[in-house]
Asks: 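Following this message is one structure expressed as structure tokens.
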Amino acid sequence: MTYGTTPAVLKRLLKRNNKYKMTKKEHNQQQIFQEGLQFLAQQAEYSKILWAEALGAFSPLVAKPSEKTTSAEELKRSQKSDSSPAIPEVDQSPSPDINQRKVLRPIPCPEPDPSWRYRAPEAEPTIPVPGEIEDPFPQYTSMDSFRAAICNCQKCPLSRTRTNFVYGMGDPQASLVLIGESPGADEDAQGFPFVGRAGQLLDKILAAVDLKRDNDVYIANILKCHPPENRNPRANEVEHCEPYLIKQLQLIKPKLIVSLGRIAAQILLRTTDSLAKMRGRILDYHGVPFLVTFHPAALLRNPQWKRPTWEDVQKMKDLLIELKSTDPS
Ligand code: URA
């Protein structure tokens, strides 16, 4: 797999953003290339500023604190006033404090089949990495019916301390799936993944590359229940819960998977490699391209990792565009 920007990719990009103005007669690869790259450069500049704004006043990405910076709003205004194409709207409204945020209502969980020992269906044995993975729950064919079947799960002790089973959220036909390790306390309280402070940062990171959690993106965790004190997932918990994620991935069929943090990547890839070793490489998860980046909670604690995360996220977006253009299905 290679990164590359061809006129065909740029043309699709321009068309998708209503920037492709040439008639068939005028069609000229060089011009497509020029206009496409100009558009990408503007997007990159705009995203860079959004990103910097999202992550706080100081960011080494834009300028040293003493230098004058341009806000995304100013950039957009200046671009509107010249002849260059207008930049698509991106919601820049500041995310309200977690306590004032609209709290999502957990989805009700229907009564399970009385014959199930652990109030959830047993997974069929699956083949471990590498190679094609078998369907652990072939009887389910939709994300909703699968959720209804497993949301009462009592296969491991976390079921006794959870408030909500955190299945996942987003577009069930997403091209991009983001995977964390396990729900935190906010996620447990609300029943949705990444809705706490780390989740708000994740939303801003996605917005900086023009993505939203419910539009072509799906977010899930390896564990569906909150481990006390946010400890790392234990082997017996992963053993029971990972087949649920595998089934979700088989239903969604993403083109790209991104692990949020080292722990999720190590569990899914059956590796002990460090984050430093995994980052920046296109890995393979049962035939699906797989990237690893910092966990947003780690970014909150370590602002010096913002810059490498920005690089990862740009790479992720480029790769996603490339994968979608080579396989538009
Ligand atoms: N951290 C995770 O890994 N997942 C969540 O859903 C929230 C925080």
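In this chain, residues are counted from 1 in sequence order. Just so you know, ligand 1 is whichever comes first in the structure, and atom 1 is the first atom listed for that ligand.
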Asks: State, with a plain yes or no, whether a side-chain heavy atom of Tyr285 is found less than 4.5 Å away from one of Ile257.
Replies: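 Yes, at least one pair of side-chain atoms sits under 4.5 Å.
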Asks: If hydrophobic clusters are built from ILVMFWY residues whose side chains come within less than 4.5 Å, do Val166 and Ile246 share one?
Replies: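 They do not share one cluster, since no chain of ILVMFWY contacts under 4.5 Å joins Val166 to Ile246.
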Asks: If you compare all heavy atoms of Lys247 against all heavy atoms of Pro138, which two are closest, and at what distance to 0.1 Å?
Replies: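 It is NZ-CA, 4.2 Å.
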Asks: Is the centre of the Phe137 ring less than 6.0 Å from the centre of the Tyr244 ring?
Replies: yes
Asks: May I ask you to check whether Phe165 and His226 place their ring centers less than 6.0 Å from one another?
Replies: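 Centroid separation for Phe165 and His226: 6.0 Å or greater.
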Asks: Does the Cys109 SG fall under 2.5 Å from that of Cys151?
Replies: yes
Asks: Taking non-hydrogen atoms within less than 4.0 Å of ligand 1, which protein residues qualify?
Replies: Gly180, Glu181, Ser182, Pro183, Gly184, Glu187, Pro193, Phe194, Asn221, His295
